[in-house]
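Some notes on the structure that comes next.
The model shown is predicted, which means the values in this text are computed figures rather than measured ones. The chain is numbered in sequence order, starting from 1.
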Amino acid sequence: MSILSFLHFLSFLIYFTMFLFLLWKGIESLSSRVLTAFIGCFAFWSLTSIFFFQPNTTKTTALLIDNIASISWISCHMFYLWFAIIFTEKEKVLKNNIIYFVFFALPLLFIYKNWTGFLINDYIRQPWGWEKIWSDSLWTYSFFLYYPSCSLIALYLIYDFSKKKKMTLKGKQSRIIFYTSLISLTITSFIDILLPLYNVDKFPPVANVAYLILIGGIIYAIVKYRFIPVTPHMAAEQIISTMADSLVLLDKNCNIASVNQAFINLTGYENKELLGKTMELFIEKTILEKMLTDIVSQKKSKKEIEMKLQTKSSSQISALCSCSPVIDDSGELAGIVCIFTEITELEKAKKILLESQEESISLFQNSPLAGLYQDENGIILDINKKFTELFGYSREELKGKNINEGFIFPEERIVLESDSLTQKSLANGHIQYETIRKKKDGTIVPVVITVSSIIVKDKRKAIVAFYQDISKEKEFLDKLKQSESKYRDLFENIPAAYYQTDKDGNIVMMNPAGIVLLGYQTLDEILGRNIAQDFYYKSEDRIKFLEALNNNGGQIEAYKVVLKDKDGKILPVSTNSRYYYHESGEIAGVEGIVIDIRERIKSEETLRKSQQEFASLFQSHSEAILYLDSIGTVLNANKRFTELFGYTLEEIKGKNINYGSIVPPDKRKEGEELDKRAVSQDHFQFETFRQKKDGTLIPVSISSSPVLIDGEIKGIITSYVDITERKKMEEQLQKMARIDNLTGCFNRGCGLELLERQMNLAKRNKSPLLIAFLDINHLKLINDLYGHQEGDLVIKMVGNLLKSTLREVDIICRMGGDEFLLAFPDSSLRRAPLIQKRLEEGLFSLNKSIKKGYQIEFSIGFSEYLSSESKSSDELIKIADQQMYEDKRKRMNK
């Protein structure tokens, strides 16, 4: 590869990298697409040049390569002009379809002429590769006219644009592009055009390499100043089309003018089925009439109206509707913007969440076992009815107290036992233990305690304990030891199952309760059966049972094992068992009491499942959700809350949400009021600002509902929705309703409103206020001679002159046509000559830049508002208007 080919290879890599960079930045706008095509031309030109300048390339191959490359080196000049027109905001030029014909027809014509031999006559070999020999034809000179014309027009547009945008980012960008363009075009014209024309062949053609200066300048401007424009109209359309909420635009007659894709997806209607129709298609007529009547008559927004939307399939969807009027320049209603937010899933999720909570509490309260619910520190959170029946304490007596204060403990050592059970449960999740407890009246009761931990976010945070009174079983065992005569009666009538096996595990005795428990009718059906083979669900579990029995000195209590009944169904039981012995002291077999714990397990599993479902729904919800107590203390937060605000649950749990986290200091009172409001009504929504962990303020929609358990408010469920994009769209629409589209000045309605405010302020401060009325002279003549587009350009230039000449505090309003209203706060008539002189000097400079056969003139008149007088705005405008006409008459008589 020659040095020149290598140089072109490097150029190709640079151009291709810039091409990929622009694709990555996005080519949604026309300017981005044209610039990408412009750089693509140079990348393709450089790629072909690698082979064109290879020493071993034949003449035939060089001809083919150059014909292919001509697509890029001929087209790039027109793409450069096209980009310059877009960059310098010549929208009127681009609206003319003829310009696109020129953009494509001229390059195609010259490409065709080059392929047919009218531009390049021949190729000669040079030390550095092949050199083109331009033909001496009309088409060659036409191309030499086409190439600099495109470049010089583009240069002029960019230079003129930079002068008008001196202090703006656009001005800085245009200067960078102008100077890099001038350098590139000068180098390429000299080396690739002028030198070959004068037969100077010492310099190889490197135009595509020199253009790196221009392209580098444009890319630098992109990176530094982000010049690819997004107009307010484009931004508004993009916001509307990508909104998650459903949007409907109504015209001034309240007929549907436009809907976004989200609304079509929500209701099932096609776009053509909605346009021109009323919203009675999907909103109840009475609700719609009341809502629109208020908006049309009062011209005020209506927010968060809860309603039912009827879809095309006639189903009902719960939604919130917010509507805002759009006011035109004359102050009349131009249309209505309606935004619908579906709340069906939110209501459903909250309902399921509340039902899950109530179901868990109901299962706990109606359990056949005495139940107690405590946190990891031993604080009693709740007890059920069976607990009150067993121990005699009411919920009010125990709730909030520490379990270790001794309410149900007969002696001090039992407190240590209870604390040990709590720690074991938190460590292992589930245990069973037989011990004694004390009733309120002092009675000691033997119980089997089943303790389970409750998992919150993968951590054991609370404990549920169930107490089963085993007084009858204990009495039975005691009487069994005391008297054989009493044994049979107890044996026959005890509600628990009693069994006895020989040392090989064969059944030798079982009471009626045990026979029924296993699904048999008589003792004969059971006697002699092996307990491991016939009654253990897994026979190997019998070995584990005997090991536990041996390890505990021949006696075991509250041992859990799974048996099976006659039909093979699973039968979970708890057993107190022991060895019994021959007179010789040898082990004769095993005997014990078996308690059916199916209901207990079912209650525990149902409660645990309900809690897990509650946690899953809470954590997987798409909105940021907090679970608060009634005074705003954080009890739980889901993953979406952490994603939105940056706080983890550990950072905010136990803290009041209104202090030190997402509520800004100036919103604390508001947050407290919202919490009070949440516990006093079923549901509400509220829009405000909240603060992320990094300090960023975002607008949010807050929805809150109380958590009701047994009719009592136990907390608050609050959800947060980020409405930043919706607020941006509303602000953009409001701005578009206040600004004159042609000049960027205030429109008539907004300008008159600002004038009234300044008059009130001047009256209050007893300060002067200067009013001016300006009219462009001979605009009709310009329109007649040069067209209304030129007339609009004159109005726009006068608007830009006023904005660049007057102070920032001065009010500039286009009243309509060629008339402008100006207001100068804290200024009197004494400043009028100075203002008029500044404007005329600016006009003089402006007229020097106009190259057409007209000059801009205007007439101006002034009036002054004094706080001691009671003139209205109409009177002041009328005086200024009369003075303006007097000025116009004097100018005409000169």
Side-chain angles (χ1 to χ4, degrees), residues 236 239-240 243-252 254 256-260 262-263 266-267 278-280 282-310 316-327 333-347 350 623-624 663-664 666-667 669-671 673-678 680-690 697-705 717-738:
I239 291 169
I240 290 171
M243 280 179 59
D245 288 338
S246 302
L247 181 138
V248 177
L249 296 178
L250 306 180
D251 60 22
K252 63 182 179 181
C254 297
I256 298 173
S258 178
V259 298
N260 68 350
F263 186 82
L266 178 65
T267 61
T278 70
M279 290 200 295
E280 288 183 22
F282 42 82
I283 299 178
E284 187 179 332
K285 185 176 180 180
T286 54
I287 296 175
L288 178 62
E289 288 178 350
K290 185 178 185 307
M291 180 177 71
L292 294 182
T293 299
D294 292 344
I295 295 172
V296 172
S297 61
Q298 300 176 14
K299 295 184 178 61
K300 292 183 178 179
S301 299
K302 302 283 287 185
K303 295 185 178 180
E304 308 295 352
I305 305 170
E306 192 165 343
M307 60 176 61
K308 294 287 186 180
L309 288 181
Q310 182 168 310
Q316 298 287 324
I317 297 175
S318 298
L320 295 176
C321 177
S322 297
C323 295
S324 298
V326 178
I327 309 301
L333 182 72
I336 299 174
V337 179
C338 298
I339 297 176
F340 297 88
T341 303
E342 183 183 3
I343 58 173
T344 304
E345 292 302 321
L346 178 61
E347 289 182 343
K350 289 182 178 178
E623 294 182 4
V663 179
D666 61 335
K667 298 285 185 181
K669 183 171 288 186
E670 172 193 275
E673 291 298 324
L674 289 179
D675 292 342
K676 292 177 182 178
R677 184 176 170 186
S680 64
Q681 62 186 69
D682 289 341
H683 174 267
F684 76 88
Q685 282 193 312
F686 185 80
E687 290 188 7
T688 184
F689 284 89
R690 287 297 180 259
L697 287 176
I698 59 170
V700 294
S701 175
I702 302 176
S703 300
S704 290
S705 297
I717 293 290
T718 300
S719 66
Y720 301 85
V721 178
D722 184 354
I723 58 173
T724 302
E725 293 302 321
R726 196 184 82 195
K727 287 295 184 183
K728 287 181 180 178
M729 188 203 71
E730 291 174 354
E731 291 174 2
Q732 188 66 38
L733 290 175
Q734 289 175 358
K735 180 180 178 182
M736 293 171 67
R738 298 172 62 244

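Between Ser246 and the choices Ile339, Leu266, Thr341, the side chain to side chain contact (heavy atoms under 4.5 Å, CB included) rule is met once, by Leu266.
With a 4.5 Å cut-off on side-chain heavy atoms, Leu674 and Thr718 do not count as touching. Side chains of Arg690 and Val663 form a contact here, defined as non-hydrogen atoms less than 4.5 Å apart. Residues Cys323 and Ser301 fail the side-chain proximity criterion, which asks for heavy atoms closer than 4.5 Å. Side-chain contact between Val700 and Thr688 is present, with heavy atoms from C-beta onward closer than 4.5 Å. Side-chain contact between Leu250 and Ile256 is present, with at least one heavy-atom pair separated by less than 4.5 Å. Contact check for Ser318 versus Lys308: side-chain heavy atoms found under the 4.5 Å cut-off. Within the 4.5 Å cutoff, the side chain of Cys338 has heavy atoms near those of the Met279 side chain.
Note that CG of Leu247 is 5.0 Å distant from CG of Asn260, once rounded to the nearest 0.5 Å. Rounding to the nearest 0.5 Å places CD of Glu670 at 4.0 Å from CZ of Phe686. Going from atom CD1 of Ile317 over to atom OG1 of Thr267 covers 7.5 Å, rounded to the nearest 0.5 Å. Distance check: Lys728 NZ to Ile723 CD1 gives 12.5 Å after rounding to the nearest 0.5 Å. Note that CG of Leu697 and CG of Asp666 are 8.0 Å apart. Values are rounded to the nearest 0.5 Å.
Under 3.5 Å, the side chains of Ser322 and Lys302 contain no donor-acceptor pair of N or O atoms.
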Would you please test Leu309 and Ile283 for side-chain contact (heavy atoms from CB on, under 4.5 Å) and show each step?
CA-CA 6 Å; Leu309 288 181; Ile283 299 178; 3.8 Å; yes
How far apart are the C-alpha atoms of Ile336 and Cys254, what are their side-chain angles, what is the distance that settles it, and do they pass the side-chain contact (heavy atoms from CB on, under 4.5 Å) test?
CA-CA 7 Å; Ile336 299 174; Cys254 297; 4.1 Å; yes
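No salt bridge links Lys290 with Glu284; every basic N to acidic carboxylate O contact stays at or beyond 4.0 Å.
Ser701 is linked by a side-chain hydrogen bond (donor to acceptor under 3.5 Å, both in side chains) to nothing, counting only residues two or more places apart in sequence or in another chain. Evaluation of the ring pair (Phe, Tyr, Trp, His ring centres under 6.0 Å) rule for Phe263 yields Phe282, Phe340 as partners, not counting sequence neighbours.
Among all heavy-atom pairs drawn from Glu306 and Ile343, the shortest one is OE2-CD1, 3.9 Å.
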